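Just so you know, these numbers use all the heavy atoms, side chains as well, and skip hydrogens, waters and symmetry mates. We're numbering straight along the sequence, starting at 1. Since we're looking at a predicted model, the values are computed, not measured.
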Amino acid sequence: MIPVKNGTEPGRIRFGISKKLLLSVVLMTVLICVISTLSGYYQYSNTIRKLYNDNGYVIARIILDHIDHDKIGQYARTWTEDADYPEMAQYLKSVEEASGAAYIYIVTVNADQTVNYIYDSSGLSIGDTDPVSAHFDEVWAAYTQGTRPESYIVRHSAKYGYLTSSILPVIDSAGNVVALLFVDVWMELIMTTLRGYILNMVLISLAVLALFSIAYWFFMRRNFIGPLMRIRRNVTEFAQNDTVTTTSLEGIRTRDEIEELAEAISLMEGDIIRYISNIQAITAEKERIGAELNVATQIQADMLPRIFPAFPDRKEFDIYATMTPAKEVGGDFYDFFLIDEDHLGLVMADVSGKGVPAALFMVIAKTLIKNQAQAGEYSPARVLMRANEQLCEGNEAELFVTVWFAVLEISTGKGLAANAGHEHPTLRRAGGTYELVEYRHSPAVATMEGLRFREHAFQLNPGDSLFVYTDGVAEATDAHNVLYGTERMLQALNQNPEASPEEILNNVKDSVDAFVGEAPQFDDITMLCLHYTGPEKEETV
């Protein structure tokens, strides 16, 4: 059975897709209603305000055409009524009543932000003063420049109420601005019109969008939510039982992506059932192979010398070696063995490739080298030459092995070594530090038939140490693809150069692990260290 998380169990769903879709439709309709209403309100309010304001200017122009501008200038100078004043006042009052304006008045404007009334329909007398509480700059510009204000002037005060003003200058026959004519319109009238518009817009929008929401909901329920719920029940049943018994997807015919999804899920379920059967068979086979690999790992480990001290009765040298494979089995190997009582064979090798093929090739190479040497051959070059001829026979996989092989004469410390494409060894003289010993290599073993290998002599003195390794040490890589390198290896070796061979190898391995960190191991890591103490001196009597 395929496990189902608690969060996907039908009983645990608190807010299903049906509710989410319904909520989204409601929110969408409300949002559209609000946006359309606000947009209409903005456009309509600008239009209606401009209409009322322009209407005020129409009234103002009619008034200016019927009053004596020079008389207004006279009143602004004398602040005294004459015989013509009541007739003008009566005319302005009648215009106010006929037009429905809130107030009509004529004033002069002072720099101290006050006005003096020449005429006022609200009952103020000629010469009365009143402060200008808002929009003084526009009023002052109209009075001093003789121009109509560019913007709508809306004022809201406790004394006169909520008004919009249309303002025109009164210019006498000499071309001087003698006063300003104000025609005020109630803003409440404008706001009532706007509120009526908003109410109608909201009702119409809600009615239209409610019908749309209902129709859209039924459409989505039939063509989207219903098939989707059917697919959900099918998948849930399949996840719990690894099969489908009641909820079939064959009846979904939406002629869109939902139908394609249902068909794809049906095909996927069939593939999953077959895949599960295959996985079960593969898992059983993998377990069998894993068990065999574990045995192979143990066999390979048993082929390498692992008991230390390796030669407890030999005091002339101390030796220690380790091999850490990158996979279950590896292609690296080391070996050390006595050819006779005075000759020690040392091998460090690395087979190309990894895994089982490299391990099989490693077994053959190790066996051939050791057998050739223990047959009484003290020349590393000839041992590698004979091993090369035998390894080239039937090498269809084209594997090869890099080998460092040396034969040490225990009594004298003299040795011969052949390096077939392997890493340079490191040597530490007594009291000194580890250093690389570099020389020209021979080709790797099993690359081609008829190879001849170079060998060179070396001398170990009492207190000297020899360290050999595979490229898994120097080419260890961290998470940033930076190589460990021989410089870091030498630093680890010289961390405590007087240490025993086992401690030397532990220091290098700890340094490699610290450098690599969490990055995976890509290659086998194999190391061998030999400390030469020399033969015991005979006591002189």
Side-chain angles (χ1 to χ4, degrees), residues 38 41-67 69 72-73 75-77 79 88-89 92-93 95-172 175-195 197-198:
L38 290 178
Y41 171 77
Y42 177 76
Q43 297 293 332
Y44 185 73
S45 64
N46 288 339
T47 302
I48 198 68
R49 288 179 184 180
K50 184 177 184 301
L51 178 64
Y52 275 94
N53 196 260
D54 290 344
N55 186 50
Y57 278 108
V58 171
I59 297 171
R61 289 191 183 94
I62 293 173
I63 293 172
L64 289 179
D65 291 340
H66 290 80
I67 63 176
H69 294 199
I72 299 299
Y75 296 146
R77 291 190 300 273
W79 301 105
M88 181 191 72
L92 295 176
K93 190 68 177 177
V95 172
E96 176 185 309
E97 292 174 354
S99 64
Y103 300 106
I104 296 177
Y105 48 96
I106 303 173
V107 299
T108 61
V109 184
N110 304 314
D112 61 353
Q113 299 190 17
T114 60
V115 295
N116 293 104
Y117 286 91
I118 296 173
Y119 167 78
D120 178 52
S121 64
S122 65
L124 294 176
S125 301
I126 187 171
D128 287 349
T129 302
D130 209 12
V132 180
S133 58
H135 302 281
F136 177 74
D137 292 339
E138 291 91 336
V139 174
W140 181 254
Y143 183 70
T144 57
Q145 300 173 13
T147 57
R148 166 182 165 175
E150 294 182 359
S151 60
Y152 306 142
I153 295 178
V154 178
R155 296 177 296 160
H156 197 179
S157 66
K159 183 177 181 180
Y160 297 107
Y162 193 20
L163 304 167
T164 177
S165 299
S166 302
I167 305 172
L168 286 178
V170 180
I171 303 174
D172 62 10
N176 298 319
V177 178
V178 296
L180 292 180
L181 171 63
F182 282 75
V183 178
D184 289 352
V185 178
W186 293 113
M187 282 295 295
E188 186 60 33
L189 179 62
I190 298 175
M191 298 308 297
T192 300
T193 304
L194 290 177
R195 283 193 290 269
Y197 168 79
I198 292 175

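Under the 3.5 Å distance criterion, the side-chain polar atoms of Thr114 are left unmatched by any main-chain donor or acceptor of Asn110. When atom types are taken as modelled, the side chain of Ser121 and the backbone of Tyr103 share no donor-acceptor pair closer than 3.5 angstrom.
Minimum interatomic distance between Ala142 and Ile167 (heavy atoms only, all atoms of both residues): CB-CG2, 4.4 Å. Residues Pro169 and Val177 come closest through the heavy atom pair CB-CG1, 4.1 Å. Nearest heavy-atom pair, Ala102 versus Glu96, reported as atom, atom and distance to 0.1 Å: O-OE2, 3.6 Å.
Qualifying salt bridge (Lys or Arg N to Asp or Glu O under 4.0 Å) partners for Arg61, counting only residues two or more places apart in sequence or in other chains: none. Partners of Leu64 according to the side chain to side chain contact (heavy atoms under 4.5 Å, CB included) rule, which considers only residues two or more places apart in sequence or in another chain, are Ile67, His69, Leu168, Val170, Leu181.
Tyr57 contributes atom OH, which lies 8.5 Å from atom OG of Ser165 (distance to the nearest 0.5 angstrom). Atom-to-atom distance recorded for Asp112:CG and Phe136:CZ is 7.5 Å, nearest 0.5 angstrom. If you take OG on Ser166 and CD1 on Ile63, they are separated by 10.0 Å, rounding to the nearest 0.5 Å. Separating the CD atom in Gln113 from the CG atom in Asp137 is a distance of 7.5 Å, to the nearest 0.5 Å.
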Report task. In sequence, state the C-alpha distance, the side-chain angles, and the governing distance for Val178 and Tyr75, and then conclude on side-chain contact (heavy atoms from CB on, under 4.5 Å). Result -> CA-CA 9 Å; Val178 296; Tyr75 296 146; over 6 Å; no
Query raised in the report: Between Ile104 and Val95, is a side-chain contact (heavy atoms from CB on, under 4.5 Å) present by the stated rule, with each step listed?
Result: CA-CA 9 Å; Ile104 296 177; Val95 172; 4.0 Å; yes
Query - Full working for side-chain contact (heavy atoms from CB on, under 4.5 Å) between Ile72 and Tyr119 - result: CA-CA 9 Å; Ile72 299 299; Tyr119 167 78; over 6 Å; no
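Between Trp140 and Tyr143, the ring planes lie tilted relative to each other; the angle falls in the 30° to 60° range.
Side-chain contact between Ile106 and Leu92: present, with at least one pair of heavy atoms (C-beta onward) separated by less than 4.5 Å.
Under the side chain to side chain donor-acceptor pair (under 3.5 Å) test applied with Tyr117, the options Asp128, Thr129, Asp130 reduce to a single match, Asp130. The one candidate from Val183, Leu124, Asp184 that meets the side-chain contact (heavy atoms from CB on, under 4.5 Å) condition with Tyr105 is Asp184.
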